[in-house]
Student: 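Below you will find the structure I want to go over with you.
In listed order, ligands and their atoms are each counted from 1. Note that the structure is predicted; figures quoted are calculated from it, not measured.
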Amino acid sequence: MSATNSYPSKVSIFEVGARDGLQNEKAVTTADKLTLIDQLGAAGLTRIEAGSFVSPKWVPQMADSGDIFRQLSKRPGVVYSALTPNLKGLELALDAGADEVAIFGAASQSFSQRNINCSIEESIERFIPVMEAAQAKQIPVRGYVSCVLGCPYEGEIQVEEVARVAEILYKMGCYEISLGDTIGVGTPLNARRMVEAVARRVPVEKLALHFHDTYGQALANILACLETGVSVIDSSVAGLGGCPYAKGASGNLATEDLVYMLHGMGIETGIDLNALITAGNNISQALGRVSGAKVARALTE
Ligand SMILES: CC(C)(COP(=O)([O-])OP(=O)([O-])OC[C@H]1O[C@@H](n2cnc3c(N)ncnc32)[C@H](O)[C@@H]1OP(=O)([O-])[O-])[C@@H](O)C(=O)NCCC(=O)NCCSC(=O)C[C@@](C)(O)CC(=O)[O-]
């Protein structure tokens with residue numbers, strides 16, 4: 001039973017630490033990544049983004065994604081997913097054993113250009129064959145829309161553009177659309193208005209929130225949006241990460257802090273917070289720093 005009837009009784013957490021979290025980190029070994037992924041599964045996470053099949057020239061930190069997918073010990077009931085910007089990425093991901101893939105677009109032309117080297121419209125054209133090939137193999141495809149609450153190059157982004165891109169990805173066949181506040185600039189009321197605008201074009205139960213915590217607003221934004229009916233949230237263990245093509249995108253929302261808030265509200269996640277903290281502390285130690293999760297620091301220092 002949740003605290004009020006307007007909040008969901010359960011939230012599905014989509015863990016992005018091993019991908020979004022580590023795509024900016026140079027000093028992480030494949031073995032450390034595998035340990036992290038295993039410990040996330042042990043903590044009860046059932047949706048784990050484990051890598052990305054992108055150009056190694058663009059994001060060298062993800063160049064070992066094939067090894068990761070080949071070597072990880074799959075836990076029953078856990079879905080291991082990968083980012084795939086194009087057909088080449090999809091082929092590599094499927095060959096390595098990814099259960100699910102994601103295409104990633106943006107609501108900002110400038111961000112699209114810098115992140116995936118093409119316009120929004122060109123990206124949609126590029127995603128069509130990826131979707132068709134994935135569907136032919138019955139591989140679920142998730143869709144990301146970046147810059148939903150602001151762009152590092154263009155500033156404010158119109159919610160109608162966010163809704164338009166989200167609807168295109170949904171109608172193309174993405175089973176879920178993750179709305180990325182890539183640089184964490186959103187605040188609760190505009191976050192909620194954005195979700196409401198998108199929900200007029202994509203069913204709210206098909207939406208996920210991917211809010212970075214750069215300005216310390218992510219939990220407040222999530223709380224405001226949970227009342228709209230969204231019940232899928234992306235987060236990153238130990239607050240690892242950020243997008244290499246978005247200055248200031250460091251500071252993903254820490255999964256530990258999210259789980260603490262949700263459990264405190266009586267919302268189920270299926271996650272063992274102590275085991276999650278251990279996973280976050282271990283990867284933080286491997287990176288030579290303390291965990292970015294406030295809850296982890298409060299409970300272990
Ligand atoms: C999309 C491309 C590939 C276009 O990059 P391009 O240079 O336009 O592509 P291309 O087709 O001309 O290929 C150039 C070279 O890359 C290779 N290549 C091409 N595709 C692949 C592939 N899939 N895997 C491996 N290699 C690939 C290709 O074979 C070729 O190699 P060369 O002949 O020069 O040796 C490039 O821009 C890219 O890799 N971008 C990825 C950027 C990225 O990973 N950004 C971070 C993830 S997005 C994010 O973090 C946001 C998110 C999702 O979390 C949500 C949010 O917070 O907002």
Student: Quick one, Q61 and L22 - any side-chain contact, counting heavy atoms below 4.5 Å?
Tutor: no

Student: Is it the side chain (CB and beyond), the backbone, both or neither of M62 that lies under 4.0 Å from ligand 1, heavy atoms counted?
Tutor: neither

Student: Check this for me, if you would: do E176 and K206 make a salt bridge, where the nitrogen-to-carboxylate-oxygen distance has to be below 4.0 angstrom?
Tutor: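 Result for this pair is no, no salt bridge flagged.
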
Student: Which of the atoms of ligand 1 are close to R19, meaning less than 4.0 Å from one of its heavy atoms?
Tutor: 47 (C), 49 (C), 50 (O), 52 (C), 53 (C), 54 (O)

Student: Are V198 and V159 co-members of a hydrophobic cluster defined by side-chain heavy atoms under 4.5 Å apart?
Tutor: yes

Student: Run down the list V54, L179, N117 and name the one with the heavy atom closest to atom 22 (C) of ligand 1.
Tutor: V54

Student: What part of N115 sits under 4.0 Å from ligand 1 if we count only heavy atoms: the side chain, the backbone, both or neither?
Tutor: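 The part of N115 near ligand 1 is both the backbone and the side chain.
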
Student: Return the option from G180, S236, S146 holding the heavy atom at the smallest distance from atom 55 (C) of ligand 1.
Tutor: S146

Student: Provide the number and element of each atom of ligand 1 under 4.0 Å from a heavy atom of F53.
Tutor: 22 (C), 23 (N), 24 (N)

Student: Going by heavy atoms in the side chains, are Y260 and M265 under 4.5 Å from each other?
Tutor: no

Student: Would you say the ring centers of F104 and F127 fall short of 6.0 Å from each other?
Tutor: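 Between F104 and F127, the centre distance exceeds or equals 6.0 Å.
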
Student: Keeping S291 on the side-chain end and A293 on the backbone end, is there a donor-acceptor pair under 3.5 Å?
Tutor: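 Pair found, side chain donor or acceptor close to backbone of A293.
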
Student: Is the contact between Y144 and ligand 1 made by the side chain, the backbone, both, or neither, using heavy atoms and a 4.0 Å cut-off?
Tutor: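 Under 4.0 Å from ligand 1, Y144 contributes side-chain atoms alone.
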
Student: Any N or O of D181 that comes nearer than 3.5 Å to an N or O of ligand 1?
Tutor: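 Looking only at distances, the answer is no, because the N/O contact criterion of under 3.5 Å is not met.
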
Student: I'd like to know if R200 pairs up with E196 as an ion pair, taking the criterion as any Lys NZ or Arg NE/NH1/NH2 lying under 4.0 Å from an Asp or Glu carboxylate oxygen.
Tutor: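 Salt bridge: no.
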
Student: Looking only at heavy atoms, is any part of P85 under 4.0 Å from ligand 1, and if so is it the side chain, the backbone, or both, or is it neither?
Tutor: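 The answer is the side chain of P85.
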
Student: Just which atoms of ligand 1 are under 4.0 Å from any heavy atom in H210?
Tutor: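 So the atoms of ligand 1 that pass are 54 (O), 55 (C), 56 (C), 57 (O).
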
Student: Around atom CD of Q285, are there more than 12 heavy atoms from other residues, nucleotides or ligands closer than 6.0 Å?
Tutor: no

Student: Could you check whether any heavy atom of P56 sits closer than 4.0 Å to an atom of ligand 1, since that is the contact criterion I want to use?
Tutor: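 Contact present.
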
Student: Would you mind telling me if ligand 1 is within reach of the side chain of L92, the backbone, both or neither, using heavy atoms under 4.0 Å?
Tutor: side chain

Student: In terms of atom number and element, which parts of ligand 1 are under 4.0 angstrom from non-hydrogen atoms of G89?
Tutor: 23 (N)

Student: Taking non-hydrogen atoms only, is R126 closer than 4.0 angstrom to ligand 1 via side chain, backbone, both or neither?
Tutor: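 It is the side chain that touches ligand 1; the backbone stays farther off.
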
Student: For K74, I'd like to know if atom NZ has over 12 heavy atoms of other residues, nucleotides or ligands within 6.0 Å.
Tutor: yes

Student: Kindly indicate whether the side chain of I103, heavy atoms from C-beta on, has any atom under 4.5 Å from the side chain of C174.
Tutor: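 Sidechains of C174 and I103: in contact.
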
Student: Between D234 and S178, does a side chain to side chain donor-acceptor pair (under 3.5 Å) hold up when you go through it step by step?
Tutor: CA-CA 8 Å; D234 300 0; S178 176; 2.7 Å; yes

Student: Can you find a heavy atom in the side chain of L149 that is under 4.5 Å from one in the side chain of I157?
Tutor: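 With C-beta onward as the side chain, the pair stays apart.
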
Student: For ligand 1, which atoms, with element, lie under 4.0 Å from some heavy atom of H212?
Tutor: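 In order of numbering, the contacting atoms are 57 (O).
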
Student: When you look for heavy atoms under 4.0 Å from ligand 1, do you find them on the side chain of D20, its backbone, both, or neither?
Tutor: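 It is the side chain that gets close, since no backbone atom is under 4.0 Å.
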
Student: By number and element, which atoms of ligand 1 are closer than 4.0 Å to a non-hydrogen atom of L83?
Tutor: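 Numbered from 1, ligand 1 contributes 47 (C).
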
Student: Tell me which part of N86 gets within contact of ligand 1: side chain, backbone, both or neither, using heavy atoms under 4.0 Å.
Tutor: side chain

Student: Would you mind finding which of E49, K57, Q113 brings a heavy atom closest to atom 31 (O) of ligand 1?
Tutor: K57

